[in-house]
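One structure is given below, encoded as structure tokens.
Because only heavy atoms are used, hydrogens play no part in the values below, and waters and symmetry mates are left out as well, while side chains stay in. All ligand and atom numbering here is 1-based and tracks the order in the structure. Along the sequence shown, residues are numbered consecutively beginning with 1.
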Amino acid sequence: MSNYHIKSLEEYFTIYRKSVRYPETFWDEIAEEHFMWRKKWDEVLSWDFSKPEVTWFKGAKLNITENCIDRHLRIRGDKTAILFEPNDPSEKAEHITYQQLHDRVCQFANVLKDKGVKKGDRVCIYVPMIPELAISVLACARIGAIHSVVFAGFSSNALATRINDCDCKLVITADGSFRGKKTIDLKGIVDKALESCEGVETVLVAKRIESDITMKEGRDEWLQPLLSKAKNTCEPEVMDAEDPLFILYTSGSTGKPKGMVHTTAGYMVNTAYTFKNVFQYREDDVYWCTADIGWITGHSYIVYGPLANGATSIMYEGVPHYPDWGRFWEIVEKHKVNQFYTAPTAIRALAKQNLEFVEKYDLSSLKVLGTVGEPINEEAWHWYNENVGHQKSPITDTWWQTENGAIMIAAIPYVTPTIPTFASLPLPGVQPALMDENGDELKGNQVDGRLCIKFPWPSMARTIWGNHQRYKDTYFSSFENMYFTGDGALRDSVGYYRITGRVDDVVIVSGHNLGTAPIEDAINEHPAVAESAIVGFPHDVKGNALYGYVTLKEAGETRDQDNLRKEINQLITDRIGPIAKLDKIQFTDALPKTRSGKIMRRILRKIASNETDSLGDTSTLLNPEVVEDIINNAL
Ligand code: 6R9
């Protein structure tokens with residue numbers, strides 16, 4: 001038992017050491033004690049990073065929904081599994097108990113079976129943050145179909161590419177979605193996408209916004225009438241440990257999106273274990289992750305991780321600023337949220353608003369705060385700590401990737417002392433390595449290099465759908481016998497990790513290797529600055545020079561821009577040195593971002609280099625309109 005729930009720093013070190021020395025025993029014990037298996041495994045782990053080929057719990061048989069739902073029914077049948085908070089605060093929140101979740105998942109599973117979906121088939125889920133999204137994910141898992149959730153905000157192009165890449169025959173969607181004051185015509189987007197997806201035979205449509213949509217005869221069907229006719233029991237399909245559970249696409253910096261394939265047993269064990277520890281989840285806690293299920297964070301830490309622990313997991317349909325910027329805090333107060341997990345980009349946006357929005361609400365229920373998605377800058381960290389956590393809720397800065405499936409490096413709240421901007425220590429079972437450019441491992445502390453993982457962990461993606469070679473090339477070819485993350489990191493004098501950003505966010509200026517993240521940190525210290533992004537552009541003398549895109553806290557700021565530019569460069573000189581000074585600083589109202597809040601530096605790089613005719617795919621941007629504005633005002 002003690003392996004599973006870490007309670008002190010000493011215990012962490014003991015368990016961590018064990019997990020490195022005897023990784024198989026470590027995971028074997030966790031898997032054995034905390035899950036429900038139809039058959040136990042023959043072998044905990046086999047691996048060969050040169051192929052790469054990894055299997056965990058080979059020979060085991062299970063169904064993940066039995067672990068996330070059925071086994072809780074006896075003791076937690078009436079406990080809320082999913083707490084749905086609608087976009088509109090005047091609409092009542094919906095408490096879905098474990099028993100109700102069971103019944104609804106089974107009904108949905110029976111509908112899918114009825115439509116001919118079988119084990120191994122791919123189902124595309126393009127559904128907004130309503131209960132049907134979580135339920136459809138679990139329904140696929142119930143019958144062994146592989147779900148491919150596409151964020152319901154991606155364009156028809158992006159959707160079509162993803163449907164075709166893994167040959168989905170069935171698509172689940174909704175008539176539309178609410179986002180703050182706006183509604184989005186999801187079905188229209190699906191219709192357009194399907195013009196280029198010949199393989200799709202069936203579209204199931206959930207009713208949410210009651211809009212007028214067209215239903216294509218013989219292809220499209222309303223979901224609710226089918227569900228209400230379906231039986232509320234469905235025998236779970238018995239799966240092999242290594243059967244694929246889902247595909248989730250992640251956009252590479254170039255080329256088409258990569259369909260990361262996650263398998264069943266290892267993913268389950270790893271997400272459940274990390275959920276319990278990183279959020280210090282206790283039986284009656286209410287947990288809220290603000291991510292969308294269309295992102296890996298939502299898969300692992302709204303659906304699978306929490307439910308495998310019998311937790312109550314909030315699903316919020318809306319946006320942080322509707323009806324006003326106090327909405328997140330209103331929800332925390334209303335549902336007495338204990339763990340709150342969000343992204344630095346949301347924190348920065350919230351921190352820009354009047355403090356009254358957060359001060360108005362009672363946040364005393366909060367015990368743990370989390371962040372994920374990008375490095376959290378110092379200023380945002382302090383704002384979060386002071387105004388949300390009131391300096392008593394530890395912040396766990398969780399580093400991980402779609403490819404990882406589960407959190408890899410993060411502080412264990414109340415156990416690991418936290419330092420702003422440091423993700424801190426690897427979780428048990430995770431063996432990071434920092435590598436230099438020559439491919440040698442940097443041993444010891446006070447080193448800075450490329451972040452790799454040198455030993456398999458159970459929830460690692462096993463391949464890229466339909467393209468194993470690309471999987472190998474992308475992650476296992478840069479360094480021998482290592483998984484390469486693409487991120488840079490430093491390890492400080494006590495062994496804490498600080499993620500310094502994507503390695504491709506490094507610019508060589510006059511022969512100096514400059515990470516853009518620390519420069520951005522320096523700029524963000526300026527009191528007038530909200531956010532910034534630095535990219536390189538070709539320069540006759542220096543090879544590359546730096547171009548900064550800066551958004552100010554107050555839109556339409558009338559400050560003297562030249563003076564601001566001087567102050568910003570002075571800050572950079574003070575913090576990093578004159579070498580990192582920016583040649584150009586463009587003030588802009590917003591930065592182009594992906595749905596998960598990552599700044600699309602690729603686009604900014606093109607603009608800075610004056611290559612605006614080859615911007616590439618902008619279909620996954622949250623705010624494509626800002627691109628034109630930035631181009632028009634480029635320096
Ligand atoms: C979960 C998720 C992965 C990339 C990753 C890194 C960045 C995520 C971070 C972080 C610094 C953190 N990233 N968490 N950087 N500190 N706590 O975000 O997955 O969308 O695949 O992105 O995000 O660069 O490599 P994904």
Side-chain angles (χ1 to χ4, degrees), residues 149-151 154 246-253 257-262 267 270-271 274-275 278 289-302 304-305 341-348 369-378 380-381 384 395-411 416 418-427 430 432 450-453 459-461 464 474-475 478 483-490 496-506 515-518 520-521 533 593-602 620 622:
V149 181
V150 177
F151 174 73
F154 277 169
F246 66 86
I247 300 169
L248 186 61
Y249 287 87
T250 173
S251 50
S253 42
K258 302 182 285 248
M260 304 312 306
V261 178
H262 283 280
Y267 176 81
N270 213 155
T271 53
T274 50
F275 173 76
V278 174
C289 164
T290 69
D292 194 286
I293 292 176
W295 188 27
I296 189 68
T297 306
H299 280 60
S300 302
Y301 299 107
I302 295 178
Y304 290 114
Y341 190 29
T342 195
T345 177
I347 298 168
R348 284 193 296 268
L369 303 177
T371 71
V372 57
E374 52 174 327
I376 178 165
N377 54 300
E378 194 130 13
W381 194 95
Y384 199 28
I395 297 174
T396 175
D397 173 355
T398 66
W399 174 84
W400 59 298
Q401 314 173 290
T402 305
E403 296 84 341
N404 305 152
I407 297 171
M408 303 288 278
I409 303 181
T416 323
T418 58
I419 306 176
T421 77
F422 280 79
S424 83
L425 299 171
L427 293 177
V430 175
R450 280 142 209 259
L451 178 60
C452 291
I453 313 287
S459 63
M460 62 189 289
I464 291 175
T474 311
Y475 305 106
S478 308
Y483 166 84
F484 176 44
T485 65
D487 285 339
L490 64 84
Y496 269 37
Y497 287 86
R498 177 181 202 230
I499 312 303
T500 47
R502 302 291 304 171
V503 175
D504 45 25
D505 293 341
V506 165
T516 52
E520 289 164 10
D521 264 0
K593 287 196 184 164
T594 66
R595 307 278 166 173
S596 58
K598 294 184 178 57
I599 299 167
M600 273 254 208
R601 290 191 171 69
R602 171 170 65 80
T620 58
L622 181 69

* **Candidates Ile407, Val430, Asn404, Thr371 - the one meeting side-chain contact (heavy atoms from CB on, under 4.5 Å) with Trp399** => Asn404
* Give me the one residue out of Asp521, Asp487, Asp397 that meets salt bridge (Lys or Arg N to Asp or Glu O under 4.0 Å) with Arg498. => Asp521
* Salt bridge flag under 4.0 Å for residues Glu374 and Lys593 -> no
* Structure fact -> Sorted by chain and residue number, the residues having a heavy atom closer than 4.0 Å to an atom of ligand 1 are Trp295, Ile296, Thr297, Val372, Gly373, Glu374, Pro375, Asp397, Thr398, Trp399, Trp400, Gln401, Thr402, Asp487, Ile499, Arg502, Lys598
* Return the set of residues passing side chain to side chain contact (heavy atoms under 4.5 Å, CB included) with Thr271 (not counting sequence neighbours), or none when no residue passes. => Tyr267, Ser300, Tyr304, Ala406
* Would you please name every residue forming a side chain to side chain contact (heavy atoms under 4.5 Å, CB included) with Thr594, sequence neighbours left out? => Ser596, Lys598, Met600
* List for me each residue that meets side chain to side chain contact (heavy atoms under 4.5 Å, CB included) alongside Thr402, sequence neighbours excluded, and say none if there are none. => Leu248, Thr250, Met260, Ile296
